[in-house]
Structure formats: C-alpha cells, structure tokens
Amino acid sequence: MKHRLYSSVGLIVLVMTALMLSACTAVAPSPAAEAPAAATEPPAGEAPTVALIYGVRGDGFYITMEAGARAKAQELGVNFFADGPAQFQPALQVPILDAVIAQKPDAICIAATDRQALIEPMRRAHDAGIHMISVDTFIGDTGGDYTAPELDWMLSYIGSDNVQGGEIGCNAIIEAMGGKGKFYIQTTQPGVSTVEQRVEGCMKAIEATNGAVELIGMDYNDDNAAKAAEQTAAVLAANPDLGGIFGTNLFSARGAAQAVANAGLTGVVKVANFDAPEDAIVALRENVVDIVIAQHPYEMGEKCIEFAVAAVNGNFDAIPKRYPTGYTIITRENVDTEEAQRSIYKSE
Ligand code: T6T
C-alpha cells in the first residue's frame with residue numbers, strides 16, 4: 001500500500017486535522033526515514049531458512065506479524081518457523097533464541113523483550129553467522145540506530161515510529177479532554193523500547209499543554225490486562241476527576257478500558273488505545289475508547305522475510321538500517337472504512 005508522505009514537522013497537525021475531518025487515516029513514515037525499495041526477488045540458491053522470534057504468544061499484534069512473514073515466506077520460497085515465550089520476559093525469550101541459534105537458520109527476525117538483556121544473546125546469533133533483524137522493538141541505547149558502531153552488526157530495525165505514535169494518541173485524548181485535566185498512563189514494563197518511546201511521545205504532548213494537563217501517574221502492568229484493569233480501577237477511585245488515559249499497548253489499553261467501563265465512566269474518561277485487536281474496535285464503537293492506533297505488524301513480518309532473503313543473496317544495499325512502518329488511526333468516524341477494517345489485527 002502506498003501512502004502520501006508528509007513532512008515530519010507538519011505531521012501531527014495533519015493527523016489531527018485528518019481526524020477532525022474523518023477523511024485520511026493513514027500515517028506514513030516520515031520522508032527523512034524512508035527506506036529504499038525492499039528486495040522482493042526470490043532466493044538465489046537453495047531455499048533459506050528464516051526464524052521469527054516474537055515477544056509473547058497469543059498477542060494479536062505478533063499473530064498478525066507472523067501471518068505476514070509466513071505469507072511472504074511462502075511467496076518467496078523460504079523455509080519459515082516462528083516461536084516466542086508464554087510471557088513477555090527476557091528470561092523466557094533468551095532460551096528460545098538459543099534453541100533457534102542451535103538450529104542454524106540463515107536469518108532471525110526478533111522482537112527483543114528487553115533492550116539490554118537481549119544484546120549479548122543476539123550477538124551470539126550474529127557470531128554464529130546468522131543475519132539478525134529487529135522487528136517491532138530494538139536493542140541498545142541508540143534509539144534504534146543500527147548504524148552506530150556498537151550495533152552495526154544488526155542488519156535492520158523494522159518497526160513503528162513509537163515516539164510519533166505516543167504523541168498522536170495523547171494529542172487526540174488531550175483534545176477530547178478540552179486541552180486540560182488529569183492524565184494517567186498504563187504501560188507494560190521498563191526496558192521495552194516500543195512502550196518506552198510511546199511514553200516519551202505522550203510526555204511531549206502533555207508538556208506542550210504548559211501545565212494545563214497534569215500527569216498524575218504511570219503504572220507498570222507486566223503486559224497483563226488484568227493487572228492493568230486493577231491498577232486503573234484504583235487510580236479512578238482515588239481520582240474521580242481523571243480526564244484521560246493512555247494505554248501504551250494492547251494489554252495496557254485493554255485493562256484500562258475495562259476499568260473505565262466497569263467504573264461507569266464510559267465517555268467521561270477519555271482513553272487512547274495503542275494497538276488494534278478486535279476488542280479495541282468494540283470498545284471504540286461503545287465509546288469506551290476514543291482513538292485506536294493500529295500499527296502495521298503484517299507489513300513488519302513481510303519486510304523481515306524480504307530483508308532476510310536480500311541478506312542471503314548478498315544484496316545488502318537493498319536492506320535499510322531502519323524501516324519505519326506507518327500507522328492507521330482509527331476513530332468512530334472512520335472505523336467502517338476499508339482501510340480501518342484492514343488494519344484490525346488477526347486473533348489466530
Ligand atoms: O504494542 C505491541 C508491540 O509493539 C509492543 O512492543 C509490545 O506489545 C504489543 O505486542 C501489543 O501487545
């Protein structure tokens with residue numbers, strides 16, 4: 001799918017205008033970060049093997065990513081397999097990575113569950129001669145910049161611009177709050193690049209209100225919707241005048257939305273929902289959440305296979321160090337458009 005490219009400076013304004021007009025829903029990657037055309041040629045020699053190691057099992061975001069990778073692998077004649085931990089935890093993901101390294105695939109696409117803890121294990125894979133690609137999350141302290149000398153062994157980082165996504169979500173909620181009031185953030189755990197950057201983007205939006213919006217707290221739910229619901233319920237009870245909540249991923253937003261609905265505060269407390277599983281769309285239609293920020297995980301999966309094939313073919317010029325995927329912003333006004341419907345995550 002081709003989107004119009006916006007300048008990064010005007011992007012937020014354009015997105016908000018688009019939301020108001022309910023016309024355009026696609027947020028394309030900024031031109032500065034735009035990548036060269038992806039490699040789509042089939043493998044030159046014997047069929048290569050590519051593994052995808054996702055962040056956690058049963059998460060619609062990764063289910064959709066795996067579907068994209070599997071479809072592209074089939075198209076290009078690549079042997080493909082995927083695995084991931086039962087919980088979003090490096091202690092559970094590293095043994096899976098080690099087991100995959102032992103199978104000697106040609107390339108691994110991985111959503112690292114921690115920016116630091118996965119550096120050495122991923123380095124081991126690289127040292128074993130495996131091409132390494134980050135999907136969704138990045139590792140290290142360079143903000144996902146894999147041209148930095150300490151991380152230049154990583155082939156590419158494919159994923160959303162998460163600072164931008166956090167800013168879009170929180171700007172929309174601040175606007176729905178009338179530009180003022182108390183704000184709360186539900187997020188997963190420290191050390192996860194994606195949600196950390198979404199919080200950073202949200203903080204930018206809050207700071208831009210010059211104190212009119214006050215952040216009263218942020219809780220870590222360990223990627224667990226039930227815990228997110230419990231924590232949010234406590235915050236709602238202690239702050240009857242809370243105006244808005246940002247749920248930084250699928251489970252954070254699911255828990256926050258459940259708590260708002262259970263407290264009978266639907267439509268009173270505004271909720272920004274990062275990620276787009278089917279239940280978020282139901283919550284949007286029922287007024288429980290006000291904006292759904294759909295990432296493009298299917299495309300992330302497709303690109304991981306394309307870049308892996310390019311690497312196996314020695315075609316490194318076709319692999320950008322950073323490939324930002326865009327967003328589809330879903331509101332009540334555009335939820336029934338074909339584009340919005342297409343961006344809803346798969347559940348199996
Ligand atoms: O938001 C996605 C992903 O981008 C993040 O890194 C972890 O959580 C999700 O998988 C959604 O649950």
Side-chain angles (χ1 to χ4, degrees), residues 1-3 25-27 29 35 38-40 42-43 47-88 93 96-97 100 103 105-113 131 133-137 156-160 162 165 194 223 249-251 253-254 273-282 292-310 312 323-330 335 337-348:
M1 187 189 349
K2 283 234 178 340
H3 300 307
T25 57
V27 180
T40 49
T49 298
V50 181
L52 168 65
I53 302 178
Y54 45 77
V56 65
R57 268 180 230 153
D59 175 338
F61 173 83
Y62 294 119
I63 291 170
T64 309
M65 180 188 288
E66 182 179 341
R70 196 172 289 284
K72 185 56 78 176
Q74 202 167 14
E75 182 192 319
L76 296 182
V78 168
N79 298 317
F80 173 76
F81 65 97
D83 199 0
Q87 284 163 23
F88 198 98
Q93 193 182 39
I96 292 174
L97 172 57
V100 169
Q103 294 182 57
D106 295 282
I108 296 176
C109 302
I110 179 167
T113 48
H131 300 294
I133 298 170
S134 281
V135 276
D136 178 39
T137 54
S156 185
Y157 165 39
I158 303 165
S160 306
N162 287 291
T194 46
D223 215 32
N249 84 331
L250 190 153
F251 300 103
R254 178 178 286 164
N273 194 120
F274 214 96
D275 290 307
E278 191 54 59
D279 66 291
I281 302 302
V282 172
V292 172
I293 301 145
Q295 302 187 76
H296 293 165
Y298 194 92
E299 185 188 358
M300 292 179 204
E302 290 180 317
K303 289 292 160 195
C304 113
I305 298 295
E306 285 182 22
F307 293 175
V309 168
V312 168
Y323 188 91
T325 45
Y327 292 107
T328 301
I329 306 301
I330 310 178
V335 62
T337 60
E338 200 196 319
E339 184 180 359
Q341 288 294 311
R342 206 177 34 231
S343 67
I344 299 170
Y345 300 172
K346 297 177 191 309
S347 56
E348 54 189 31

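Because the structure is predicted, anything quoted here is derived from the model rather than measured.
- In this structure, OH in Tyr327 is found 4.0 Å from OG in Ser160, a value given to the nearest 0.5 Å.
- What you find for Val335 and Ala340 is that their closest heavy atoms are O-CB, 3.6 Å.
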Given the rule in the side chain to side chain contact (heavy atoms under 4.5 Å, CB included) test, do His296 and Thr328 qualify, once you have shown the distances and angles that lead to the verdict?
CA-CA 8 Å; His296 293 165; Thr328 301; 2.8 Å; yes
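- Nearest heavy atoms, Glu66 versus Leu52: CA-CD2, 3.8 Å.
- Shortest non-hydrogen contact noted between Ala294 and Ile330 is CB-CD1, 4.1 Å.
- Distance CZ/Arg57 to CG/Asp83: 6.0 Å, rounded to 0.5 Å.
- With 3.5 Å as the limit, one finds no donor-acceptor pair spanning the side chains of Glu299 and Thr325.
- Heavy atoms from other residues, nucleotides or ligands lying under 6.0 Å from CD of Gln103 number more than 12.
- For the pair Glu278/Ile344, a side-chain contact is recorded, criterion being any heavy-atom separation below 4.5 Å from C-beta on.
- Checked against the 6.0 Å centroid criterion, the rings of Phe251 and Phe88 do not qualify as a close aromatic pair.
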Evaluate Phe274 against Gln295 for side chain to side chain contact (heavy atoms under 4.5 Å, CB included), listing each step before the verdict.
CA-CA 8 Å; Phe274 214 96; Gln295 302 187 76; 3.7 Å; yes
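- Nearest heavy-atom pair across Pro85 and Gly55 is CG-O, 3.2 Å.
- Residues that satisfy the side chain to side chain contact (heavy atoms under 4.5 Å, CB included) test with Thr64, not counting sequence neighbours, are Pro297, Tyr298, Tyr345, Lys346.
- Interatomic distance, Cys109 SG to Ile53 CD1, rounded to the nearest 0.5 Å: 9.5 Å.
- Here Cys304 contributes atom SG and Met65 contributes atom CE; the two are 8.0 Å apart, rounded to the nearest 0.5 Å.
- Minimum interatomic distance between Met300 and Ile158 (heavy atoms only, all atoms of both residues): CA-CG2, 3.9 Å.
- The side chain to side chain donor-acceptor pair (under 3.5 Å) search around Glu348 returns none, not counting sequence neighbours.
- With Asn273 contributing its side chain and Asp275 its backbone, the two residues share a donor-acceptor pair below 3.5 Å.
- Taking 4.5 Å as the limit, every side-chain heavy atom of Val50 sits out of range of all side-chain heavy atoms of Pro105.
- By the side chain to side chain donor-acceptor pair (under 3.5 Å) test, Glu302 is found to be paired with no residue, residues two or more places apart in sequence or in another chain being considered.
- Residues Val100 and Ile108 form a side-chain contact, since some pair of their non-hydrogen atoms from C-beta on lies under 4.5 Å apart.
- Residues Ile133 and Ala308 come closest through the heavy atom pair CD1-N, 3.8 Å.
- Salt bridge status for Arg342 with Glu339: absent, with no side-chain N to carboxylate O gap under 4.0 Å.
- The line from CD1 of Ile110 to CG of Leu97 is 4.5 Å long, rounded to the nearest 0.5 Å.
- With rounding to the nearest 0.5 angstrom, the CD1 atom of Ile293 is 5.5 Å from the CD1 atom of Ile329.
- When only modelled atom types and interatomic distance are considered, Tyr54 and Asp136 share no side-chain donor-acceptor pair under 3.5 Å.
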